[in-house]
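Here is how names work: the chains are called A, B, and so on, in the same order as the sequence lines, proteins then strands, and each is numbered from 1.
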Amino acid sequence: MKQELESLITSVAKSVYGADIVVELTRPEEKFGDYSTNIALQMARQMGKNPREVADELATAVKEQLEDKVESVDVAGPGFINVRLRGSYLEENLQDMPDKRLAGKTAVAEYSDPNPFKVLHAGHLYTSVVGDAIANLLEQAGATVHRVNFGGDVGLHVGKTMWAIIQELGGEDPAGLQAINPAKRSEWMAGAYVRGTRAYEDDEAAKTAIVALNKRVYQLHDEDDHESPFAQIYWTCRQWSYDYFNDFYARIGTRFEKYYPESETAPIGLKTVREHTGSVYQESDGAVVFDGEKYGLHTRVFINSEGLPTYEAKDVGLLMLKQHDYQPDTSVIITGNEQEQYLAVVLKSVEQFAPELVKATTHLTHGIVKLQGGVKMSSRKGNFLRAVDVLDAAARANQAFTGQDSDDTVLGAVKYAFLKNRMGGDIIYDPEESVSLEGNSGPYLQYAHARARSILRKVEERPGGEGNSDFEQGERTLARKISEYPEVVNKAAMELMPHYICTYLYELAQTFNRFYEHNRVLGDARQDTRLMLVNRYADTLKNGLGLLGIAAPDKM
RNA sequence: GCGCGUGUAGCUCAGCUGGAUAGAGCGUUGGCUUGCGGAGCCAAAGGUCGUAGGUUCAAAUCCUGCCACGCGUACCA
C-alpha cells in the first residue's frame, strides 16, 4: 500500500512540479492522517516559492487524481501534506504481506558461538535470541537461511577444563566418566572449568600442566586420535557439551544446522593465510600479520611466531568454510561488540583475495547483558548468571504471579525483554522487572492475542450482527495500525533490527486493548466488521511474535 | 595517545537517512464492578534530549570541540 501510494503521488508530483523527484511517505500521528510527506518543504526552496503554496498545489492535484483511494488531503504546519485514506482502500490493503526481497537467495546466519567445555551464560541466551530473530527476518524476506554456530573446541579453556577433569577422575581414565550422572554432565564440566581456571591463576605447577594439556588437545586433532585415554575423555566431554547446547537450544526454540568447531576451521584458515602471505599478509617478528593500518584499522597477528593459527586465522577459515558449504548471497555474523574492530581487520584482509565474499557479509554486534546498577556479568568470578538461571528466574516469577507453569509465557517474557532494545548497546537485565508481566512485555502481547482469540472462538455460539459500512472511529484506528505491519517488517528486515517489530507490536496490542475496552464485538450491530478486524489483528500479532521467536498461544 | 561506541523523565528504553506541542513502560498520584479473559482501560504529575558552539526556514537527529562511561588497540578470543 505504501509503495503504491508513493509511486502514485510521485507521478502526481512530477505532473505538478515537472521535476524529477521522489515522494517518500511517513506515518504521522493519527490526528494528522494516515500518511504524510514533507516534499513541499524540500521543493519550495529551489522553486523560490512559499512552502504552503507549493503544498497546496500538490495537495489539490493528489486529491483530484487519487480520488478513489484518498478521502482527504490537507496541508498543515509549515507545509506538510497529510493524506487520509478512504476506509475502503484501507480495508482492501489490510492483508498486505511484507516484501520478499530475498526470494531465491541463500543466507547464512552465524550466532550464539558458545565454547565447548564451558557453560552457557546469560550473554549466550541474549545473542541466541537476537540471532534467531534476525534469521527469522531473513527467512520471512524469502531467503533460505542456514543457521550455524562457531565455537572453540580447542584452546586454553579446554586445557583448563581437561586438567580439572583428569584431576577429578584421578588420572586419564575415561571409564571414570561413566560414573557421572548424565543429567549433571554440564554442571560437572562447568565446575571443572572453574577449578581449572582457579588453578591456572593460583598454582604455577598446574598452569604449566594446563598449557601442556592445551598443546596435547591440538595434537590430538592433528593426529585424529580417538583411541588414547586422553582422546577418549576429550571427545566424550566435547560431545557432552554439544548435547548440552542442543538441549538448551531446543528449550529456547531455536536450532542450528551446523557447528563449526575451531579445530575444523583452524587448518583451512592456516592454509588460506599461508597462501596469501607475502601479498595480503606479511611476516613480521616471526609472526604473520595483516597490516590493517593502511585501511585505518589495527594490525593483527594471524599466525603466531610458533606457527600456530590465532583466532584471526580461524575466522578466516570459518569464512572460507561457510562460503564453500553454502555460497551465500547474504552472510550475517552476530557477535558482541568487543569483536567489531577485530572482525573488521579479518574481513578487510579476506576482502583482498575474496572481495565478493566480504561484500556479502554483514557483521552485527550487540552489547553485554548487565545487571541492574550496571554490574557486568563475569564468567570468571563465579557469581555470574548462567543462561538457565535467567530462564529459571523467569519461570519462578511466572509461577508466583500466575500460579501456573508455562514455557510459552516464560520464554516470551525473556525473549521480548531482550529483543525490545535496539541492538548495539549494552542492555540492563533486571530479573525482577523482566518477569514483571505488566506493561511493555511479551506476556502482555500474548495476553492481548489470547483475548482476541477468545472472542473469535465464541462467534459460532453467538451469531448475529451485520454491519459493513465504512469504519467507525475506533475501528478505523485499529485498521490503520494493522495496515502498518508490512511496512514495519520490511524496515526490520532491511536493517536486520528486530526491535522495530517489538515497538510496533506493542503499539498494536495497545491499540487493540483500547478498541476492546470501548467497542463491543459480539452481539453488536457492527459485529461482522469488528470480527474481521479482530481476526486480522490476531493473525498480525501472531505473525509478528513468530518473527521474534515468541509463541502466541490461543489460551493462556 | 589513537580508533569504535554510548550519554533522552526517578528507573528501563523508543525516537537518530533533520521537520508539526520530544513518546512509551515501570514507579508515583487519582479514577473505571451491572457486558466479548481487569495480565486490561482512562487520566495527572514528571524532560536544560551530557555540555559548548556550528550548519539550516527547521536539530534529540547532521558537523566540530569538550566532559563522562564502555570496548578495542600485534602474537587471547
Please report the distance separating the [atom1] of [N] from the corresponding atom of [M], rounded so that it comes out in whole Å.
N      : M      : atom1 : result
B:rG10 : B:rU56 : C1'   : 36 Å
B:rU61 : B:rG23 : C1'   : 15 Å
B:rG27 : B:rG72 : P     : 37 Å

Determine the minimum heavy-atom distance between A:Leu496 and A:Pro498, stating which atoms define it.
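Nearest heavy atoms, A:Leu496 then A:Pro498: O-CD, 3.6 Å.
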Taking all atoms of both residues into account, what is the closest heavy-atom pair of A:Asp74 and A:Ser72, and its distance?
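Answer, listing the atom of A:Asp74 first, then A:Ser72: OD2-OG, 3.9 Å.
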Short question: side chain of A:Asn398, backbone of A:Val410 - any donor-acceptor pair under 3.5 Å?
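Checked: no pair found.
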Flag, side chain of A:Thr540 to backbone of A:Arg536, donor-acceptor distance under 3.5 Å
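Side chain of A:Thr540 to backbone of A:Arg536, a donor-acceptor pair under 3.5 Å: yes, one is there.
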Of the residues in residues 297-313 of chain A, which ones touch RNA chain B at a heavy-atom distance under 4.0 Å?
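Those residues whose heavy atoms fall under 4.0 Å from RNA chain B, taken from residues 297-313 of chain A in numerical order, are A:His298, A:Thr299, A:Arg300, A:Val301, A:Asn304, A:Ser305, A:Thr310, A:Tyr311.
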Pair A:Tyr416 and A:Tyr506, ring centroids less than 6.0 Å apart
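No - the distance between ring centres of A:Tyr416 and A:Tyr506 does not fall below the 6.0 Å cut-off.
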Less than 4.0 Å between a side-chain N and a carboxylate O, is that true for A:Asp56 and A:Lys49?
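No, no charged N to carboxylate O under 4.0 Å.
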Just say parallel, tilted or perpendicular for the rings of A:Phe302 and A:Phe290, cut-offs at 30° and 60°.
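If you compare the ring of A:Phe302 with that of A:Phe290, the planes turn out perpendicular.
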Using 30° and 60° as the class boundaries, would you call the ring planes of A:Tyr259 and A:Tyr242 parallel, tilted or perpendicular?
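Tilted, since the angle between the ring planes falls between 30° and 60°.
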Taking 4.0 Å as the cut-off, does a side-chain nitrogen or oxygen of A:Arg451 come that near to OP1 or OP2 on B:rC36?
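So the side-chain polar atoms of A:Arg451 never come under 4.0 Å of the phosphate oxygens OP1 or OP2 of B:rC36.
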Once hydrogens and angles are ignored, does a donor-acceptor distance under 3.5 Å link the base of B:rG19 to the side chain of A:Asn38?
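Such a pair is found, so the answer is yes.
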Looking across every strand, which nucleic acid part, if any, lies under 4.0 Å from A:Asn82 by heavy atom: base, sugar-phosphate, or nothing?
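Contact class for A:Asn82: base.
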Reckon A:Phe80 touches a base, only the sugar-phosphate, or nothing at all at heavy-atom distances under 4.0 Å?
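Base contact.
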Taking the nucleotide of RNA chain B with the nearest heavy atom to each, does A:Asn513 or A:Leu156 sit closer to the 5' end?
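Its nearest nucleotide being more 5', the pick is A:Asn513.
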Dot-bracket for RNA chain B, please, read 5' to 3', with Watson-Crick or G-U wobble pairs under 3.5 Å on both distances, ( ) within the strand, [ ] crossing, | other strand, . unpaired.
(((((((..((((.....[...)))).(((((.......))))).....(((((..]....))))))))))))....
